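Quick one: structure below, then a few questions.
These figures come from a predicted structure and were not determined experimentally. Numbered from 1 within each chain, the chains take letters A, B, ... in sequence-line order.
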Amino acid sequence: MFYEFLREATLQFVLKEYGLQLTTDQVPVQKTRKEFSGDFTIVVFGIAKSILKQPEIFAKELGLWLQYHFSDNVSDFNIIKGFLNISIKAERWIEYLLDVVDNERYGFREIDSDHPVLIEFSSPNTNKPLHLGHIRNNLLGHSLSEILKANGHRVVRLNLVNDRGIHICKSMLAWQRWSNGETPESTGKKGDHFVGEFYVLFNKHYQEEIRILTESGLTPEDAEAKSTLMADARQMLRLWENGDPKVRSLWQMMNSWVYDGFDRTYKRMGIKFEQTDYESNTYLLGKDIVADGVNRGKLIKKEDGSVWADLRTLNLDEKLLLRSDGTSVYMTQDIGTACSRYEKYQPKQMVYVVGNEQNYHFDVLKKVLALLGFGWSEKLFHLSYGMVELPQGKMKSREGTVVDADELMDEMFETARKTTTELGKTDDFTHDELNHLYNILGMGALGYFILKVDPRKTMLFDPQESIDFNGNTGPFIQYTHARIRSVWRKAIEAGWSISSLGELITIAPGALPNKEKELLRLIYEFPGIVKEAGSNLSPATVANFVYELAKEYNQFYHEFSILHEKNTELAKFRLALSVLTARIIKSSMQLLGIEVPERM
RNA sequence: GGUCCGGUAGCUCAGCUGGAUAGAGCAGCAGCCUUCUAAGCUGCGGGUCGUGGGUUCGAAUCCCGCCCGGAUCACCA
């Protein structure tokens with residue numbers, strides 16, 4: 001609103017005075033930096049140059065003109081080193097506040113489209129439990145979904161479970177051989193962890209077998225070829241593909257254990273999906289499309305029967321799509337699922353939240369789809385995120401350095417419990433209330449820790465130092481919310497009767513103090529932040545903003561009294577501003593998939 | 001080797017579609033709770049923004065070279 005106004009007005013001035021038609025993006029307007037006076041800064045250098053004026057002189061002309069022609073909006077201006085800082089009239093600020101203060105969905109747009117945005121994330125394997133890498137994936141996917149929704153998109157969250165293949169057979173085989181019929185129920189273990197143990201067990205026995213074979217003089221390659229365990233696993237995969245009833249029922253049983261475990265983890269993270277697909281149902285998709293591509297001469301069939309896409313003119317290599325025996329590969333399946341999703345939903349965008357080790361894969365996928373003549377391949381977007389590394393480097397299951405998702409969440413819960421107990425502000429909480437609080441604090445700390453960093457960067461996680469609850473953290477922000485809600489409760493207890501926040505705003509515009517305006521200026525940025533986060537698909541943008549807001553609020557809180565303020569107009573104004581701040585904190589955290597407590 | 005991505009304070013990270021004196025947190029030091037929640041607030045110290053060039057009124061941000069780190073280039077998924 002103020003940004004648009006200043007851009008338009010500048011456009012008008014330049015056209016009128018200099019006969020030059022500019023576009024809005026040629027007029028950079030930004031929030032004035034704190035150390036200068038003013039609300040918004042028009043950066044005039046570019047314009048000054050195109051009309052051959054000195055920046056200072058042009059800025060002064062523009063400033064005077066704005067002040068004269070828009071005296072209702074512009075109260076003052078100053079020029080520092082050619083930057084034109086504009087002050088907006090206090091009346092306008094108050095008006096703006098009145099306009100938004102009772103809007104529960106401030107900053108959010110209503111869903112307005114039939115064409116959804118599809119977002120695929122999580123997509124776990126059913127042979128082992130989730131780890132820290134999956135947590136980053138899940139949190140990103142969840143947060144992005146919320147951000148897209150807030151931007152008015154209908155969102156369909158998709159989970160494509162990798163439930164078949166040789167790795168699944170390994171854990172099945174191990175269970176068959178060494179479990180003595182144990183189950184998650186009989187052992188009291190969470191299903192995904194239970195199955196994961198057998199996957200590890202397979203590898204242990206397999207390594208042992210390889211060791212013995214190599215000691216008997218075989219090369220590592222020959223040893224792998226000779227391994228009976230691996231041969232048995234492959235045999236099991238063949239049986240699975242042929243629909244062997246025994247193997248299939250074992251597979252179903254073990255997978256159901258894993259889903260049981262996953263469900264609990266997802267629930268704890270607050271994650272849901274509109275659609276869950278299983279590769280066992282989708283892995284044959286795409287074969288027809290590829291065959292059709294061969295017929296249309298888009299793809300190449302080689303002498304041995306294998307089918308390829310030639311992408312060499314696009315700076316990529318040839319890519320296999322069907323093996324010589326006619327079976328399909330990962331890429332084929334992804335072509336198929338993309339097509340069926342497109343047909344089903346007619347989406348405006350298809351987002352894949354997948355690790356950056358698959359950059360090449362998605363690059364190829366997009367180009368193969370284009371090669372096949374699907375114009376909508378442009379709608380594919382790979383949200384590529386970096387690995388989470390430990391101080392000693394990558395997580396390695398062989399070295400037992402994998403950070404397990406459930407264990408990590410347990411630790412976060414425990415830290416939350418300890419900290420909360422020490423502070424002793426929750427003595428009257430019930431058991432359930434406490435558990436809920438510990439959970440949202442623990443998840444808040446973890447979620448914020450991960451989401452505040454740029455997704456594509458490799459990030460470091462140090463389990464020793466664990467995750468802080470002070471400073472630039474989730475709990476700090478949650479705390480700020482709880483703090484404000486506490487003031488609100490005190491106001492109600494003190495007998496303030498308030499039916500809307502708007503009625504609290506009776507302050508004379510001239511009496512709008514500086515710190516309050518600082519807060520208001522930050523609040524004003526929120527809708528733009530939501531929009532920016534949406535177009536950049538960036539939870540970090542929201543995280544940075546909400547931290548700044550919480551920090552700004554805490555300074556304000558420390559410096560001024562709200563309920564004890566003698567000037568009642570000012571007291572009411574501060575309360576309204578505080579409650580609105582709490583709401584924006586809550587909304588922002590919702591965009592990050594983090595709950596916020598009323599008390600802590 | 002080809003392609004892609006990253007390199008900002010002791011550590012973890014913002015800032016990157018060019019803008020003012022590069023910011024936070026942690027760690028360290030010094031303060032602030034009889035007053036609305038101290039998971040907070042205030043202050044101090046801490047920087048060749050990997051490096052060399054270029055474009056520009058202006059470069060951490062854009063372009064080129066180089067150095068370092070990572071990912072990837074399967075008839076695996």
Side-chain angles (χ1 to χ4, degrees), chain A residues 25 28 30 32-33 35-36 41 43 45-46 48-49 54-55 80-83 85 125 162 164-167 279 283 302 304-308 315-317 319-325 327-331 333-334 355-361 363-364 384 386-387 389 391 393-394 416 419-420 422-423 425 441 445 449 452-454 456-462 465 468-480 482-491 493-494 535-536 540-541 543-544 547-548 550-551 554-565 571 574-575 578 599-600:
Chain A
D25 55 332
Q30 48 199 236
T32 300
R33 298 176 59 143
E35 56 268 39
F36 306 107
T41 298
V43 183
F45 300 97
K49 196 176 178 185
Q54 278 189 25
I80 297 168
K81 292 167 92 172
F83 290 86
N85 301 321
N125 294 343
N162 182 345
R164 63 168 288 279
I166 190 74
H167 52 298
E279 290 196 6
Y283 79 109
K302 295 204 172 171
D304 62 1
S306 58
V307 175
W308 299 75
N315 222 350
L316 297 171
D317 214 333
K319 180 69 192 179
L320 178 87
L321 297 178
L322 287 178
R323 297 189 186 98
S324 49
D325 64 5
T327 56
S328 64
V329 293
Y330 181 41
M331 184 62 72
Q333 171 190 298
D334 262 6
N356 61 12
E357 69 272 14
Q358 294 198 35
N359 285 355
Y360 181 73
H361 173 79
D363 207 9
V364 171
S384 157
M387 301 201 162
E389 286 189 357
K394 279 187 231 168
T419 311
T420 306
E422 277 168 17
L423 291 169
K425 301 178 202 168
L441 291 178
F449 179 86
K452 76 174 176 188
V453 337
D454 181 350
R456 65 203 152 132
K457 283 193 178 170
T458 306
M459 65 177 291
L460 191 115
F461 176 78
D462 188 345
E465 299 197 353
D468 234 298
F469 278 44
N470 301 311
N472 187 356
T473 66
F476 167 81
I477 294 158
Q478 290 170 316
Y479 172 76
T480 309
R483 199 178 215 189
I484 298 173
R485 298 304 299 169
S486 171
V487 175
W488 173 253
R489 285 189 300 273
K490 287 268 154 59
E493 280 169 29
S535 46
N536 297 346
T541 302
N544 290 335
Y547 173 64
E548 203 188 333
K551 202 174 148 65
N554 279 322
Q555 288 168 7
F556 163 75
Y557 179 91
H558 182 259
E559 202 172 334
F560 303 101
S561 186
I562 299 160
L563 302 178
H564 302 304
E565 169 60 45
R574 283 178 180 162
L575 183 64
S578 297
R599 285 178 59 194
M600 64 187 273

inquiry  = Base, sugar-phosphate or nothing for A:V329? Non-hydrogen atoms, less than 4.0 Å.
reply    = sugar-phosphate

key: Euclidean distance, atom NZ of residue A:K457 to atom C1' of B:G7 [Å, nearest integer]   = 8 Å

request  = With side chain to side chain contact (heavy atoms under 4.5 Å, CB included) as the test, would you mind laying out the steps for A:V364 and A:Y360 before giving the verdict?
outcome  = CA-CA 6 Å; A:V364 171; A:Y360 181 73; 3.7 Å; yes

ask   = If you look at every strand shown and take non-hydrogen atoms under 4.0 Å, does A:F36 touch a base, only sugar-phosphate, or nothing?
value = base

query = Is the distance from OP1 or OP2 of B:U56 to the nearest side-chain N or O of A:K49 less than 4.0 Å?
reply =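 Result: no.
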
request  = Please report the C-alpha distance between A:F560 and A:E565 in whole Å, then the side-chain angles of each, then the deciding distance to 0.1 Å, and finally whether the side chain to side chain contact (heavy atoms under 4.5 Å, CB included) criterion is met.
outcome  = CA-CA 8 Å; A:F560 303 101; A:E565 169 60 45; over 6 Å; no

request  = Take atom C1' in B:A14 and the same atom in B:C76, then report the distance between them in whole Å.
outcome  =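 Result for the C1' pair: 38 Å, nearest Å.
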
inquiry  = Can you tell me how far apart OG (A:S578) and OH (A:Y557) are? Round to the nearest 0.5 Å.
reply    =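 So the gap between those two atoms works out to 9.0 Å.
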
remark   = A:A540 and A:K452 have their tightest heavy-atom pair at CB-O, 3.6 Å

note = In this structure, CG of A:N470 is separated from OH of A:Y479 (nearest 0.5 Å) by 10.5 Å

ask   = Does A:K319 put a side-chain nitrogen or oxygen below 4.0 Å from OP1 or OP2 of B:A74?
value =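 No, outside the criterion.
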
task = Look at all strands and tell whether A:F45 reaches a base, only sugar-phosphate, or nothing, counting heavy atoms closer than 4.0 Å.
result = base

ask   = Quick one: A:D363 CG to B:C5 P, roughly how many Å, whole number?
value =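 After rounding, the gap between these two atoms is 10 Å.
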
query = Quantified in whole Å, what is the C1' atom distance between nucleotide B:C63 and nucleotide B:G18?
reply = 13 Å

task = Please measure how far the C1' atom in B:G6 lies from the corresponding atom in B:G50, and state the result in whole Å.
result =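 Those two atoms are separated by 11 Å.
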
ask   = Rounded to whole angstroms, how far apart are CG on A:L321 and P on B:C76?
value =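 In whole Å, B:C76 P lies 13 Å from A:L321 CG.
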
query = Distance check: side-chain N/O of A:K425 vs OP1/OP2 of B:A39, anything under 4.0 Å?
reply =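 For B:A39, OP1/OP2 do have a side-chain N/O of A:K425 under 4.0 Å.
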
ask   = Side chains of A:D468 and A:T473: is there a donor and an acceptor less than 3.5 Å apart?
value =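 A:D468 vs A:T473: no donor-acceptor pair found between side chains.
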
query = Taking the side chain from A:T420 and the backbone from A:A416, do they hold a donor-acceptor pair closer than 3.5 Å?
reply =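 Yes, because the side chain of A:T420 sits within donor-acceptor range (under 3.5 Å) of the backbone of A:A416.
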
key: Length of the CG-P vector between A:D462 and B:C26, whole Å   = 16 Å

key: Euclidean distance for C1', B:G10 against B:C29 (whole angstrom)   = 15 Å

Side chain A:T420 and base B:A39 donor-acceptor under 3.5 Å =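 Flag set: donor-acceptor pair detected.
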
message = Counting distance alone, no hydrogens or angles: does the base of B:A20 have a donor or acceptor under 3.5 Å from a partner atom on the side chain of A:N85?
response = yes

ask   = For B:C76, does either OP1 or OP2 sit under 4.0 Å from a side-chain N or O belonging to A:R164?
value =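 So the side chain of A:R164 is outside the cut-off, no N or O lying under 4.0 Å from OP1 or OP2 of B:C76.
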
query = For atom C1', what is the distance between B:C49 and B:G23, given to the nearest Å?
reply = 12 Å

inquiry  = So for A:T473 and B:A39, does any side-chain atom that can act as donor or acceptor lie under 3.5 Å from a complementary atom in the base?
reply    =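 When only heavy-atom distances are counted, A:T473 does not reach the base of B:A39 through any donor-acceptor pair under 3.5 Å.
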
task = With the side chain of A:T41 defined as its heavy atoms from C-beta on, choose the nearest nucleotide among B:A20, B:A39, B:A38.
result = B:A20

inquiry  = Counting only side-chain nitrogens and oxygens, does A:R483 get under 4.0 Å of the OP1 or OP2 atom of B:A39?
reply    = no

key: B:G25 versus B:G19 - spacing of their P atoms, nearest Å   = 23 Å

key: Among B:A38, B:A77, B:A14, the one nearest A:R323 by side-chain distance   =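 The nucleotide sitting nearest to the side chain is B:A77.
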
message = Parallel, tilted or perpendicular, judged at 30° and 60°: which one describes the rings of A:H361 and A:Y330?
response = parallel

task = Could you tell me the separation between the CD atom of A:E279 and the CG atom of A:N125, rounded to the nearest 0.5 Å?
result = 8.0 Å

Contact under 4.0 Å: A:K551 side-chain N or O vs B:G25 OP1/OP2 =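 For B:G25, OP1/OP2 do have a side-chain N/O of A:K551 under 4.0 Å.
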
inquiry  = Over all strands shown, is A:E559 touching base, sugar-phosphate only, or nothing at heavy-atom distances under 4.0 angstrom?
reply    = nothing

query = Base, sugar-phosphate alone, or nothing: which one does A:L563 contact when heavy atoms must sit under 4.0 Å apart?
reply =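 Since a base atom lies under 4.0 Å of A:L563, the category is base.
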
query = Which part of the nucleic acid, if any, lies within reach of A:L441 when heavy atoms closer than 4.0 Å are counted: base, sugar-phosphate only, or nothing?
reply = base

remark   = Output row for RNA chain B, stems defined as at least 3 consecutive Watson-Crick or G-U pairs under 3.5 Å, is B:1-7 with B:67-73, B:10-13 with B:23-26, B:28-32 with B:40-44, B:50-54 with B:62-66

query = The side chain of A:K81 lies closest to which of these nucleotides: B:C26, B:A20, B:U12?
reply =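 The nucleotide sitting nearest to the side chain is B:A20.
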
query = Could a donor-acceptor pair under 3.5 angstrom be found where the side chain of A:S324 meets the base of B:C75?
reply =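 It does, because a donor-acceptor pair links the side chain of A:S324 to the base of B:C75 below 3.5 Å.
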
task = Could you measure between the two C1' atoms, the one in B:A20 and the one in B:A59, and give it in whole Å?
result =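 It comes out at 14 Å once rounded to the nearest Å.
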
message = Say we look at B:C4 and B:C64: how far apart would their P atoms be, to the nearest angstrom?
response = 10 Å

key: Aromatic-base stack, A:F476 on B:A39, cutoff 5.5 Å, angle under 30   = no

ask   = So what does A:K490 hit on the nucleic acid, given a heavy-atom distance under 4.0 Å: a base, only sugar-phosphate, or nothing?
value =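 Sugar-phosphate, no base atom in range.
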
task = Using only side-chain N and O atoms of A:Y479, determine if any of them is under 4.0 Å from OP1 or OP2 of B:A39.
result = yes

ask   = How is A:F560 classified with respect to the nucleic acid when contacts are heavy atoms under 4.0 Å: base, sugar-phosphate, or nothing?
value = base

key: Phosphate contact (B:U21 OP1 or OP2) by A:R33 side-chain N/O below 4.0 Å   =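 A:R33 to B:U21 OP1/OP2: no side-chain N or O under 4.0 Å.
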
ask   = Base, sugar-phosphate alone, or nothing: which one does A:M600 contact when heavy atoms must sit under 4.0 Å apart?
value =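 Answer is base: heavy atoms of A:M600 come under 4.0 Å of a base.
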
ask   = Is any side-chain N or O of A:Q358 closer than 4.0 Å to OP1 or OP2 of B:U72?
value =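 For B:U72, neither OP1 nor OP2 has a side-chain N or O of A:Q358 closer than 4.0 Å.
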
request  = Would you indicate, yes or no, if B:A14 has its OP1 or OP2 atom less than 4.0 angstrom from a side-chain nitrogen or oxygen of A:N472?
outcome  = no

B:C49, syn or anti by chi within 90 degrees of zero =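 You should classify B:C49 as anti.
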
query = Heavy atoms under 4.0 Å, any strand shown: does A:D454 hit a base, just sugar-phosphate, or nothing?
reply =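 Sugar-phosphate, backbone atoms only, no base.
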
task = Take atom CD of A:E389 and atom P of B:C13, then tell me their distance rounded to the nearest Å.
result =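 Result: 10 Å.
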
task = Rounded off to whole Å, could you give me the NE2-to-C1' distance for the A:H564 and B:U34 pair?
result =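 A:H564 atom NE2 is separated from B:U34 atom C1' by 12 Å.
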
key: Neighbour count above 12 (heavy atom, 6.0 Å) for A:E465 CD   = no

query = Could you state the OH-P distance from A:Y547 to B:G23, rounded to the nearest angstrom?
reply =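 Those two atoms, OH and P, are 15 Å apart.
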
message = Expressed as a whole number of angstroms, how long is the span from A:E465:CD to B:A27:C1'?
response = 9 Å

ask   = Less than 5.5 Å between centroids and less than 30° between ring planes, does A:F83 satisfy that with B:G19?
value = no

inquiry  = Pair A:N554, A:R483 - check side chain to side chain contact (heavy atoms under 4.5 Å, CB included), show working.
reply    = CA-CA 9 Å; A:N554 279 322; A:R483 199 178 215 189; 2.7 Å; yes

request  = Go through A:L441 and A:Q478 one step at a time and tell me if the side chain to side chain contact (heavy atoms under 4.5 Å, CB included) criterion holds.
outcome  = CA-CA 8 Å; A:L441 291 178; A:Q478 290 170 316; 3.2 Å; yes

